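Shown next, in structure tokens, is the structure this report addresses.
Only heavy atoms go into these numbers, but all of them, side chains included; no hydrogens, no water, no symmetry mates. Quick note on labels: first sequence line is chain A, next is B, and so on, each numbered from 1. This one's a predicted model, so the numbers in the text were calculated from it and none came from an experiment.
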Protein chains: 2
Amino acid sequence: MNESDDTPHLTIEQIGRRAGVSRSTVSRVLNGQRDVRADVRARVEAVIQETGYHPNPAARALVSKRSGLIGLVMLSEVDELFGDPYYSALVNGIQQGCAENDLIFAIFPASSPDGHSDALTPQIAQRFVDGVIVTAVPQSAHVIAALRARRKHMVVVGHPDDDAPVTRVDVENREGSAVAVTHLIRHGRQRVGFVGPTVEYRFGVDRFDGYRDALAAAELPEDGLVHLDQPTTEGGYRATIALLAAHPDAVYAATDTMAEGVYRALTEHGRRIPDDVAVVGFDGLPRGPRLDPVLTTIVQPVVEVGRTAVGLLASGDGVRDPVVLPTVLRVGRSCGANHPPAGENEAHEL
Amino acid sequence: MNESDDTPHLTIEQIGRRAGVSRSTVSRVLNGQRDVRADVRARVEAVIQETGYHPNPAARALVSKRSGLIGLVMLSEVDELFGDPYYSALVNGIQQGCAENDLIFAIFPASSPDGHSDALTPQIAQRFVDGVIVTAVPQSAHVIAALRARRKHMVVVGHPDDDAPVTRVDVENREGSAVAVTHLIRHGRQRVGFVGPTVEYRFGVDRFDGYRDALAAAELPEDGLVHLDQPTTEGGYRATIALLAAHPDAVYAATDTMAEGVYRALTEHGRRIPDDVAVVGFDGLPRGPRLDPVLTTIVQPVVEVGRTAVGLLASGDGVRDPVVLPTVLRVGRSCGANHPPAGENEAHEL
DNA sequence: TTGAAAGCGCTAACAT
DNA sequence: ATGTTAGCGCTTTCAA
């Protein structure tokens with residue numbers, strides 16, 4: 001129960017009575033309709049104020065078919081994600097978006113604990129929720145499919161593998177990558193290695209495409225310079241070891257986490273950063289790895305992604321065009337560009 | 001809106017029609033009442049099954065006065081907490097509890113962004129929520145007060161400063177501390193230092209009391225051995241530096257995070273762990289610091305705390321007796337007890 | 001054991 | 001500009 005039972009809650013009817021108007025007028029005031037005379041409105045508002053009245057959300061939800069609740073679908077144990085700097089920032093953005101839109105932010109496990117046939121937890125399935133946010137990772141494909149099958153309102157963060165229509169929010173993975181690699185090339189690097197995740201990660205593919213774009217534009221080779229592994233520090237380490245045979249003078253790591261592995265591998269093999277090998281990463285997350293020398297990286301606006309996703313959920317129903325947010329190059333020490341071209345070293349607030 | 005408008009949802013009435021019974025009977029089946037003939041029940045359940053019907057939660061909430069929604073009040077930016085191993089585990093437990101009780105888990109910022117006079121965010125104030133969980137930290141005092149004033153159903157995790165009646169879940173801070181310190185004493189340590197948080201942290205006070213209990217029981221002195229600072233690695237470091245003057249042969253750190261600082265201070269000052277100075281901590285969190293040598297620590301069941309808090313919220317309304325969960329000593333290498341007394345080195349599953 | 005009917009508190013036609 | 005009325009989909013007496 002919400003509160004102790006000895007606090008009978010006021011209803012819109014009673015507010016009306018106290019203000020000497022009908023319940024409809026109170027409703028109009030409540031919902032900001034303007035066809036209410038100013039003095040009447042004031043009177044009603046005064047009563048609302050002094051009584052501390054709040055309309056019953058369940059009644060509202062019943063008639064309006066909106067609960068004011070949106071959810072994030074968690075694909076793994078909640079506390080795994082809590083450690084992840086990406087989710088940490090994303091959740092922060094979602095929370096901000098909810099506050100801005102006066103929505104309640106709920107967390108849903110992806111599947112019911114009892115291993116239901118349906119991939120969805122009863123809470124989502126039972127449609128109390130106005131809409132959900134799902135991140136596009138390999139494991140989420142079936143959840144997205146299930147949500148679509150049930151015609152749930154959803155926004156996908158990132159880029160799902162299948163190209164079925166969904167409203168989604170993404171960042172300029174490809175463009176950002178191209179900027180990163182171009183930056184290296186412009187500062188004299190000729191053999192830029194790519195260390196990125198294996199192909200099931202769509203963002204990795206997009207970032208790889210940006211890498212190719214930049215190499216192609218500079219007419220540089222990529223022979224033996226591309227090495228894929230898990231998007232972890234360990235993966236970055238292994239990929240870099242493999243890459244060394246190709247004698248890179250720079251490494252573009254598709255994630256900062258992988259860049260951490262790149263650092264370790266380079267250091268262990270006696271390569272100085274950036275003197276022998278320059279490094280640029282991607283992500284720039286607030287809680288991401290702190291490397292020495294400071295990593296030059298492409299900053300993606302994850303918090304903004306979260307807020308945008310909520311905004312999309314709050315603003316309507318159908319499938320909308322993807323929203324793709326810009327990334328920014330943040331120049332540190334690892335790229336060897338101590339005097340970066342003007343305008344390149346300013347990271348926006350994210 | 002919940003779903004695309006072209007999916008008109010089934011109502012209990014329609015289910016009744018299809019099953020050839022009244023809506024009341026369907027409701028009885030739905031709510032597991034037993035005065036329904038077995039074959040009728042089966043028929044209704046079959047229809048529910050094949051139609052994939054779910055009762056409308058808003059309608060249910062309206063009449064039952066329960067939303068099935070519980071919330072965690074977040075006292076700082078969401079993403080600060082995400083980094084915190086304590087919250088990480090707590091949220092994990094809350095999530096588990098919600099899944100078990102078929103509740104939706106929402107996250108609420110403590111105060112409305114627009115700096116309302118009221119300390120509560122509108123969502124909570126507007127009572128959509130069946131109950132909330134608040135952690136007892138210094139900043140939460142006014143939130144707890146505000147919730148109490150509004151007669152919200154709440155469970156406090158930890159121990160608030162004021163002794164106003166609340167339902168709360170806590171762990172055996174005092175008893176656990178006593179076990180930790182007794183363990184050190186039993187293994188020959190005579191000068192056990194206390195490194196803990198300053199007195200505004202109630203759990204710190206409780207843990208200090210346990211320390212005193214153990215010293216008193218062994219008739220050992222505490223002169224110059226108690227040093228308080230912020231409950232951070234840095235605080236643990238500073239407190240230890242101060243402590244060194246008292247020539248401790250062991251340090252009991254009231255949190256593992258502080259223990260991390262203890263390690264650093266001891267190491268920097270040439271003390272070997274555990275040979276010169278033994279160390280025992282408190283928390284044992286899944287994502288807590290990993291120290292070398294492995295820290296002996298008092299493990300508190302934070303996940304269980306979260307689940308219990310939800311259980312309390314789900315099970316009733318009034319103020320209940322505090323639930324205090326047991327802690328367990330987990331013996332590592334830092335206490336110098338390589339052959340721990342039987343039964344002491346088994347940490348339960350948490 | 002089952003059905004009919006009232007009503008939870010609100011919004012939104014529809015009147016006036 | 002304001003009031004009246006009819007539901008939203010459910011649970012729950014109350015009758016049968």
In this structure, how many angstroms lie between the [atom2] atom of [N] and the [atom1] atom of [X], rounded?
X     : N      : atom1 : atom2 : answer
B/Q33 : C/dT2  : CD    : C1'   : 12 Å
B/R17 : D/dC10 : CZ    : P     : 12 Å
A/L30 : C/dC10 : CG    : P     : 8 Å
A/L62 : D/dC8  : CG    : C1'   : 4 Å
A/Q14 : C/dC8  : CD    : C1'   : 13 Å
A/I48 : C/dC10 : CD1   : C1'   : 13 Å
A/R60 : C/dC8  : CZ    : P     : 18 Å

- prompt: When all nucleic acid strands are considered with a 4.0 Å heavy-atom cut-off, which category describes A/T11: base, sugar-phosphate, or nothing?
  reply: sugar-phosphate
message: For B/R320 and B/S315, which I'm curious about, is there any donor-acceptor pair between the side chains at under 3.5 Å?
response: yes
message: Any donor-acceptor pair under 3.5 Å linking the side-chain atoms of A/T11 with those of A/Y53?
response: no
message: Here's a test for you: under side-chain contact (heavy atoms from CB on, under 4.5 Å), which of B/V310, B/V73, B/L312 qualifies with B/I133?
response: B/V310
- line: Partner of B/V36 under side-chain contact (heavy atoms from CB on, under 4.5 Å), picked from B/V26, B/V29, B/V21, is B/V29
query: In terms of heavy-atom contacts, does CZ of A/R18 have more than 12 from other residues, nucleotides or ligands at under 6.0 Å?
result: no
- prompt: Is the shortest distance from a Lys or Arg side-chain nitrogen in A/D317 or A/R151 to a carboxylate oxygen in the other one below 4.0 Å?
  reply: no
- prompt: For the helix from C/dT1-D/dA16 to C/dT16-D/dA1, what angle lies between the axis at the first five pairs and the axis at the last five pairs, to 10 degrees?
  reply: 40°
- prompt: Is there a donor-acceptor pair under 3.5 Å between the side chain of A/D84 and the backbone N or O of A/Y86?
  reply: yes
Any donor-acceptor pair under 3.5 Å from B/R43 side chain to B/A38 backbone: no
- prompt: With respect to the side chain of B/I12, which nucleotide from D/dC10, C/dG9, C/dT11 is positioned closest?
  reply: D/dC10
Letter per nucleotide, 5' to 3', of nucleotides 1-7 of chain D [B base touched, S only sugar-phosphate touched, - untouched; heavy atoms, 4.0 Å]: SBBBBBB
- request: Report yes if a side-chain nitrogen or oxygen of A/K65 is closer than 4.0 Å to either non-bridging phosphate oxygen (OP1 or OP2) of C/dT11; otherwise report no.
  value: no
message: So, does A/Y53 get its side chain near the phosphate of C/dC10, meaning an N or O under 4.0 Å from OP1 or OP2?
response: yes
task: Grab the two heavy atoms, one from A/D130 and one from A/H153, that are nearest each other, plus how far apart they are.
output: O-CB, 3.3 Å
message: On DNA chain C, compare the nucleotides closest to B/A59 and A/N31; which residue's is nearer the 5' end?
response: B/A59
